[in-house]
Protein chains: 2
Amino acid sequence: MPRAHARGTARDRLLDAAEELFVERGIAATGVDAVLGRAEVSPATLYAHFPGKDHLVAGYLERRHERWRATWDAALERCGDDPDARVLAIFDALDDFPTATSTRGCAFLAAAVEVTEPEHPAYRWLAADTHLLVERLRSLAAESGAAEPDALAAEILGLYDAALASRTRRTVAGDGGPAALPCRALAAAAVARHRAG
Amino acid sequence: MPRAHARGTARDRLLDAAEELFVERGIAATGVDAVLGRAEVSPATLYAHFPGKDHLVAGYLERRHERWRATWDAALERCGDDPDARVLAIFDALDDFPTATSTRGCAFLAAAVEVTEPEHPAYRWLAADTHLLVERLRSLAAESGAAEPDALAAEILGLYDAALASRTRRTVAGDGGPAALPCRALAAAAVARHRAG
DNA sequence: GGACTACTGTAACGATCATTATGATGAAAC
DNA sequence: GTTTCATCATAATGATCGTTACAGTAGTCC
């Protein structure tokens, strides 16, 4: 067993460091050396686990994608069978998600700014994030009795994106940022409206 | 007069090229050489106009900020004195804005991913974008008779951010993207609700 | 004990990239 | 006509950065 280090395996430490730094400073602005330093890992070990920086980026997004899915799953479990609560569970997950205090927006939309070529190994995870959100919200919207599940799903996703974008806006604008958006309440109203209409 | 070129002055061509490339491929991923090539400008000329790449980024964001403000102004003018239409004018401006067909989201939130240090000469324009949106929407919300102008402004800004985020989502997700969001109609409902409530 | 494994630290390599240097061109200003 | 100025094309410079190479160490397995 390769241990000896107090903070988990080298691979985990690399992904932890990559995630922290990529989210804070951006992917391109973060040198491999910075990741190695924070992870307390030597260069050879990084390249033993990943073919290159591109795949480290992909690994970071893959792990974050799975963590988000698990967080959302757990929030859904807590809702039991209440269809309305289940549609809104995405906002509970947003509060529960590790690094929920992040001052920057959606990590996948942020990565999409820097990873623009479909051949990039991380690109598939950008698509995976949107796919998960769209498909799951559509199912949940349908189960809640919405007449137009696609339209309700788009509204919920819009509120989700708005919540994350407002984090960035507050970060860059300081005091001049927007007021907090009551996403959950607005989403609940949307659910009711879509069932009534 | 220094002309001779069919596409405007060297400075304008530099900013045009920078804007196109930075929006398409990201700032860090775009080399100065690529900007020079598209602008048909020599390196010495670039550094005669800008102290460095950082200031070229700042110049690009400054010009885009002013263009957005002018587009919004024009949309407001067309609304005359109708307070409801004036709150919704931001969505008209979004349609009118040059490069409205952009497949990527808000250029300022995108730049905020890559420009994270407040000392960067472009940073102030990130803040300026949010300030303009927040302050102007707050004024317009108050003029529309909203009981809580800040809350209405936050909702409108949320719909604006949602509209731009969904562009990125559709780009990365292809067919699996979200349905189009009827932002203007949703915003109109929010305006009515805030006056009634 | 010896082979194996996961890892270390440091240094070098090679490519990329922002920036600077240089000398020349061509049109306007006086 | 000469000065001025914005511009050009090309090459060099210097720093950064991703990647590789190398020699060595500590613990596991048989």
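Order of the sequence lines sets the chain letters (A, B, ...), proteins ahead of strands, with each chain counted from 1. Computation of the quantities below employed the complete heavy-atom set of this structure, encompassing side-chain atoms and omitting hydrogens, waters and symmetry-equivalent molecules.
Rounded to whole Å, the distance from CZ on Arg11(A) to P on dT8(C) is 15 Å. Taking atom CG of Leu21(B) as the reference point, atom P of dA18(C) lies 12 Å away to the nearest angstrom. If you measure from atom CG of Leu46(B) to atom P of dA21(C), you get 15 Å, rounded to the nearest angstrom. If you measure from atom OH of Tyr47(B) to atom C1' of dT13(D), you get 13 Å, rounded to the nearest angstrom. If you measure from atom NE2 of His120(A) to atom C1' of dG18(D), you get 13 Å, rounded to the nearest angstrom. If you take CD of Glu40(A) and C1' of dC7(C), they are 13 Å apart, rounded to a whole angstrom. Look at CG on Leu36(A): it is 17 Å from P on dT16(D), rounded to the nearest Å.
Taking CG of Leu61(A) as the start and CG of Leu56(A) as the end, the distance is 10.0 Å to the nearest 0.5 Å.
A salt bridge links Arg7(A) to Glu40(A): one of the charged nitrogens lies within less than 4.0 Å of a carboxylate oxygen. Salt-bridge check for Asp92(B) with Arg78(B): failed, with every basic side-chain N at 4.0 Å or more from each acidic carboxylate O.
The side chain of Pro43(A) lies closest to dA11(C) when the candidates are dC8(D), dT7(D), dA11(C). Nearest to the side-chain atoms of Ser42(A) among the listed nucleotides dG9(C), dT20(C), dC8(D) stands dG9(C). Nearest to the side-chain atoms of Ala44(A) among the listed nucleotides dA11(C), dC22(D), dC8(D) stands dC22(D). The Thr45(B) side chain lies nearest to dT7(D) when the options are dT10(C), dT7(D), dA18(C).
Within residues 50-64 of chain A, no residue places a heavy atom under 4.0 Å from DNA chain C. Contacts between residues 26-33 of chain A and DNA chain D, defined by a heavy-atom separation under 4.0 Å, are made by Thr30(A), Gly31(A), Val32(A).
Heavy-atom minimum distance, Asp150(B) versus Ala179(A): O-CB, 4.0 Å.
Phosphate proximity of dC7(C) to His49(A): present, with a side-chain N or O under 4.0 Å from OP1 or OP2.
Distance alone, capped at 3.5 Å, places no donor-acceptor pair between the Thr45(B) side chain and the Val41(B) backbone. Of the possible polar contacts, none joining the Ser144(A) side chain to the Pro83(A) backbone as a donor-acceptor pair under 3.5 Å is found. Checked by atom type and distance alone, the side chain of Glu114(A) pairs as donor or acceptor with a backbone atom of Ala28(A) at under 3.5 Å.
Partner of Asp73(A) under the salt bridge (Lys or Arg N to Asp or Glu O under 4.0 Å) criterion, out of Arg67(A), Arg136(A), Arg86(A): Arg136(A) alone.
For Trp68(A) and Tyr160(A), the gap between ring centers is short of 6.0 Å.
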